[in-house]
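Quantities reported herein were computed from a predicted structural model and do not represent experimental measurements. Remember, it's 1-based here, ligands and their atoms both numbered in the order they're listed.
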Amino acid sequence: MQPRYPQKTPADRRNGRNVKANDVPPQGVYLPNNNILAPHMKSPEYVQLSTAAAITLGIMSGRMHGCECTRCLNLLLTYPEGCRANCAYCGLARHREADRDYADRNFIRVDWPAVPMNEIIDIVARDPGSSPFHRMCISMITHPRSEEDTFAVLSQWTNRIDPDAIPVSILSNPTTMTREDVRKTRDLGADIFTVALDAATPDVFDRTRGKGVQSPHKWSKYWEILQDAKDIFGPQKFGAHIIVGMGETEYEVLNLVQELVDLGGHSHLFCFFPEQGSLMDHLPATPRDQWRRVQLARYLIDYRAVRVDQMTFDDLGRVKSYGIPDSELSTIIDEGIAFRTSGCPGKFQDDISACDRPYGDSPPSDIASYPFQPGKKDLRKIRKQLDIPVRVE
Ligand code: SF4
């Protein structure tokens, strides 16, 4: 799983220079690929939001396979010069400035329209109690203004929307953060703090988002901020994102899941998907059998108190047994929750994520993370992928 090496960006496109060379004032909602070069369309006045959130909010029309809406309002800070990091699997990475303006880049397989923050708040504030959103999340990117603008977006929200009605998560960018910044997000009303570790081992981290691709991130700094989040937010209120299938073994990723649980936190899994335009778009998506085993084992560790050392692994680090009786395992498989998208909880129950990210890690024709409750047909497919036959009662 070796990323391509980033090419040099032509000088006239570096740092959003071609966008900044224009002075078109932004007007309301910007739909990606409209090619309006609006250098002032930036946070904190503007944020980008996922296509699913834009459809749920009524800003965009469209339908999502199997889902009426998303339960998480995912926001992304936005700037004409974009994210200054260069993570190999990411559609927002810096190297893309060579051929795509920031506001037009795909990220976790979908477009992210840019919308004035006050328009979003106006819509949600009409009736937060009956909003379809169970949670709001601010995703920071690597940018010198990232912290200040996260505070501004967060306080704009909590000034008008009670965080008890719609809790807020922060998806942080540790590289530019301090412990005080973490504390400030909590003081301004954030409920959960997550760190996008993404890579499961230091080697994979360096190769995909560190010096291997001219990106500024360091494994040690990510862990420092994760520890700060643990101290400041407390048990069950912090966690880490992990992408499965970037070259780590199943044992390695599940060992990390266990480490996070032992610290009092949670893991949120993503199945590797070759994002178009990224430095890993030539590589295969995670095989479904590998993904399902990790999904199931992670669910057992995170929510069923099974430990990684109760499980067994083969010579290649693949899960051989899950450490609980077959009948119990069968019941958990049939409940289907283990195969839903993992993330911060919503209002249904602790192990059902508000952040359902419809089709963020797979196409609807071959679902990796289910953004809805898997039905009988889905479970038959999942069991086939797991190579665990359908239970005969
Ligand atoms: S820091 Fe985040 S947004 Fe920026 S390139 Fe890396 S993964 Fe993408």
Do the ring planes of His65 and Phe372 sit parallel (below 30°), tilted (30 to 60°) or perpendicular (above 60°)?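 Plane angle over 60°, so perpendicular.
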
Ring geometry between Tyr303 and His266 (parallel below 30°, tilted from 30 to 60°, perpendicular above 60°):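 Rings of His266 and Tyr303: parallel, under 30°.
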
Do me a favour and list the nearest non-hydrogen protein atom to [atom] with residue, atom name and distance?
atom                    : answer
atom 4 (Fe) of ligand 1 : Cys83 SG, 2.3 Å
atom 2 (Fe) of ligand 1 : Arg209 NH2, 4.2 Å
atom 6 (Fe) of ligand 1 : Cys87 SG, 2.3 Å

Arg145 to Tyr79, cation-pi by 6.0 Å centre distance and 45° axis angle: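 No.
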
Identify the residue among Leu76, Ile138, Thr150, Asp149 that makes a side chain to side chain contact (heavy atoms under 4.5 Å, CB included) with Ser43.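 Result: among Leu76, Ile138, Thr150, Asp149, Asp149 is the only option passing the side chain to side chain contact (heavy atoms under 4.5 Å, CB included) with Ser43.
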
Among Asn15, Thr142, Val213, Asn86, the one residue meeting side chain to side chain contact (heavy atoms under 4.5 Å, CB included) with Arg94: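 Looking at Asn15, Thr142, Val213, Asn86, the match for Arg94 under the side chain to side chain contact (heavy atoms under 4.5 Å, CB included) is Asn86.
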
Verify side-chain contact (heavy atoms from CB on, under 4.5 Å) between Gln373 and Arg340, making sure each step is shown before the conclusion. CA-CA 7 Å; Gln373 177 62 26; Arg340 294 180 67 150; 3.0 Å; yes

With a cutoff of 4.0 Å, is His217 in contact with ligand 1, counting heavy atoms of the residue only?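 True for this residue.
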
Under a 4.0 angstrom heavy-atom cut-off, which atoms of ligand 1 come close to Thr142?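 Selected atoms, number and element: 1 (S).
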
Number the atoms of ligand 1 from 1 as they appear, then name those within less than 4.0 Å of a heavy atom of Ala93, with their elements.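 Every atom of ligand 1 under 4.0 Å from some heavy atom of Ala93: 5 (S).
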
Tell me whether atom 6 (Fe) of ligand 1 has Cys90 as a neighbour, meaning an N, O or S atom of it below 2.8 Å.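 It does not: Cys90 brings no N, O or S atom closer than 2.8 Å to atom 6 (Fe) of ligand 1.
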
Taking atom 3 (S) of ligand 1 as the point of reference, which of Leu92, Thr175, Ile243 owns the nearest heavy atom?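 The nearest heavy atom belongs to Leu92.
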
